[in-house]
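Contents: one structure, followed by commentary.
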Amino acid sequence: MTQWQSQRGGDGSTNIQGEHVKYIERAQYGISYDDAKSIAMDVYERNITKFTQIAREVARERAEEFTGKLLRDISPEALEALKDPDVQRGLFFAQQEFACSGDDEVGDTLVKLLMERITDSRDGMRRLVLNEALRIAAKLTPDHISLLTCNFILKYVSFGNVRTVGDISEQLDAALQPFCGDVFNIGQADIDYLLGTGCLTGSSGFIQEAMSPGRYMGINYPGIFSTGFTLDDFPDGHLLLNTPLIEKHPTADGRYRVCAISEDDLNSLISEHDLEGVHQIAKNALKSRVQPEHVILESILECTPHLRPFFRRWKSMGMSSYMSSASAVAIAHANARRISEGQSPASLDNWLSPRGEFD
């Protein structure tokens, strides 16, 4: 960012000269929409690079468009956050990048990220991730962001209210459709670039193995993809007989299955019937007897054959070997909200909050 050499102060305001960004601080308590817009555009005007007159007019129009989109859906209470220098820094960066690129898809994703940052100004991991996501998202193309969104859907999202393979297929199809076509524009250079930005990482740390779509669906919905068990191959199953935790498998003679779709379902069932004593046995029965990942994916594709080219492309790109960074998850979450007009199945905090990884 280019630093201006002079500042001009307005009534009721204090100008703070930062190392790179000139911040604006309103003295009064509580700010209106007009105040917020004035602050946002002041931040832009006092920091933007000196363009030629024509380029400057185009850039300002784009910055005003971006600012209008941002303020449109923010509550009056949240507007107070615009007085925070850290928020102003993120705001200016996003304004500047959109002013220069004019890409609506990337711009709208930046708006969603800024909304997350403004409406919840807590310090800590969340703030750091969103600040980094703003910085990175501005350097990505729409195709890059679509790829990250598909990776997010296939590795980090589970759908609620599913009871059958058809239910999963329907929701997966709806989630992927806005983005999966862009994946065909991605080449190895793009993947290398995303690795360089830190958006993608090779499978390591907690995730030692490649996470294929079939494997992840098996982890999320083991009850749907269960092969069931017999009392011979799983002797501990005797302890589950005559409990509401298991039933006879509908498609396999002499086999049983756990009466839960996911581990969360099982936990609720255990709690409801006070069966903590057999919790681990039931969990083993649920999670260790799942169909092979290629069989799981094939059952999904039988319901959604039009997704076959996408999954072939996904495999040929080796995407099962790449996980997303926290910032990439935030970018993908914002992009998904952009398409769904702000509706998302869960808060971003679900992916950024500690969840007992070290327990």
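With sequence neighbours excluded, the residues satisfying side chain to side chain contact (heavy atoms under 4.5 Å, CB included) with K287 are E263, K283. Residues passing the ring-ring contact (aromatic ring centres under 6.0 Å, His included) test with F310 are W314, sequence neighbours excluded. Under the ring-ring contact (aromatic ring centres under 6.0 Å, His included) criterion, Y193 pairs with H144, not counting sequence neighbours. For R308, the side-chain hydrogen bond (donor to acceptor under 3.5 Å, both in side chains) criterion is met by E298, not counting sequence neighbours. For E65, the salt bridge (Lys or Arg N to Asp or Glu O under 4.0 Å) test picks out K69, with sequence neighbours left out. Evaluation of the salt bridge (Lys or Arg N to Asp or Glu O under 4.0 Å) rule for K155 yields no partner, not counting sequence neighbours. In terms of the side-chain hydrogen bond (donor to acceptor under 3.5 Å, both in side chains) criterion, residue partners of S324 (sequence neighbours excluded) are, by chain and number, N151. Remark: R135 engages E132 in a salt bridge (Lys or Arg N to Asp or Glu O under 4.0 Å) (not counting sequence neighbours). Residues satisfying the ring-ring contact (aromatic ring centres under 6.0 Å, His included) criterion with F152, sequence neighbours excluded, are W351. Partners of D167 according to the side-chain hydrogen bond (donor to acceptor under 3.5 Å, both in side chains) rule, which considers only residues two or more places apart in sequence or in another chain, are T164. For Y156, there are no ring-ring contact (aromatic ring centres under 6.0 Å, His included) partners at least two apart in sequence or on another chain.
Distance check, rounded to the nearest 0.5 Å: CG of L147 to CG of N185 gives 10.5 Å. For the atom pair H333 NE2 and L113 CG, the distance stands at 10.0 Å (nearest 0.5 Å). Interatomic distance, L240 CG to Y256 OH, rounded to the nearest 0.5 Å: 10.5 Å. In this structure, OG1 in T141 is found 6.5 Å from CG in D190, a value given to the nearest 0.5 Å. Going from atom CD of E247 over to atom CZ of R257 covers 4.5 Å, rounded to the nearest 0.5 Å. Between L269 atom CG and I261 atom CD1 the span is 11.5 Å, to the nearest 0.5 Å.
Contact detail for L286 and A260: the closest heavy-atom pair is CD1-O, 3.6 Å. In terms of heavy-atom proximity, C303 sits nearest to S169 at CB-OG, 3.4 Å. The heavy-atom pair separating R255 from T227 by the smallest distance is NE-O, 3.0 Å. When all heavy atoms are compared, the tightest approach of I136 to S327 is CD1-CB, 4.1 Å. The minimum heavy-atom distance between S299 and F225, with the atom names listed, is OG-CE2, 3.5 Å. In plain terms, the two heavy atoms of A175 and I153 that are nearest each other are O-CD1, 3.3 Å.
A distance-only check finds no donor-acceptor pair linking the side chain of S271 to the backbone of S268 [under 3.5 Å]. The main-chain N or O of P222 is never found under 3.5 Å from a side-chain atom of S226 such that the two would form a donor-acceptor pair. Side-chain N or O atoms of R313 include one that pairs as donor or acceptor with a backbone N or O of I186 at under 3.5 Å. Between the side chain of R126 and the backbone N or O of E116, at least one donor-acceptor pair lies under 3.5 Å. Between the T149 side chain and the I145 main chain, a donor and an acceptor come within less than 3.5 Å of each other.
In this structure, V183 and M319 have side chains that are not in contact, with every pair of non-hydrogen atoms separated by 4.5 Å or more. Side-chain atoms of S212 and L297, non-hydrogen and from C-beta on, never get closer than 4.5 Å to each other. Under the 4.5 Å side-chain criterion, counting only non-hydrogen atoms from C-beta, L307 is not in contact with I300. Put simply, the side chain of T109 does not reach to within 4.5 Å of the side chain of E105, judged on heavy atoms. Proximity of R338 to V111: side-chain heavy atoms (C-beta onward) are nowhere separated by under 4.5 Å. Side-chain contact between P178 and N335 is absent, with no heavy-atom pair separated by less than 4.5 Å. Counting heavy atoms from C-beta on, the side chains of F229 and D236 never come closer than 4.5 Å. You'll find the side chain of L245 reaches within 4.5 Å of the side chain of L275, heavy atoms only.
Sequence neighbours left out, not one pair with a member in residues 267-293 passes ring-ring contact (aromatic ring centres under 6.0 Å, His included).
With a 6.0 Å radius and a threshold of 12 heavy atoms from other residues, nucleotides or ligands, N242 has its CG atom at or below the threshold.
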### Task
Carefully, step by step, assess R289 and V258 under the rule side chain to side chain contact (heavy atoms under 4.5 Å, CB included).
CA-CA 10 Å; R289 283 154 176 80; V258 177; over 6 Å; no
### Task
Would you please test I168 and I224 for side chain to side chain contact (heavy atoms under 4.5 Å, CB included) and show each step?
CA-CA 10 Å; I168 299 172; I224 291 178; 3.5 Å; yes
### Query
Given K139 and T197, is the side chain to side chain contact (heavy atoms under 4.5 Å, CB included) satisfied, shown in steps?
CA-CA 9 Å; K139 300 178 181 180; T197 61; 5.7 Å; no
### Task
Could you give me the CA-CA distance, side-chain angles and deciding distance for I219 and M211, then say whether side chain to side chain contact (heavy atoms under 4.5 Å, CB included) is met?
CA-CA 10 Å; I219 291 172; M211 186 64 73; 4.1 Å; yes
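Under the 4.5 Å side-chain contact rule for hydrophobic residues, V295 and V290 do not share a cluster. Hydrophobic clustering (side-chain heavy atoms under 4.5 Å, transitive across Ile, Leu, Val, Met, Phe, Trp, Tyr) keeps L128 apart from I118.
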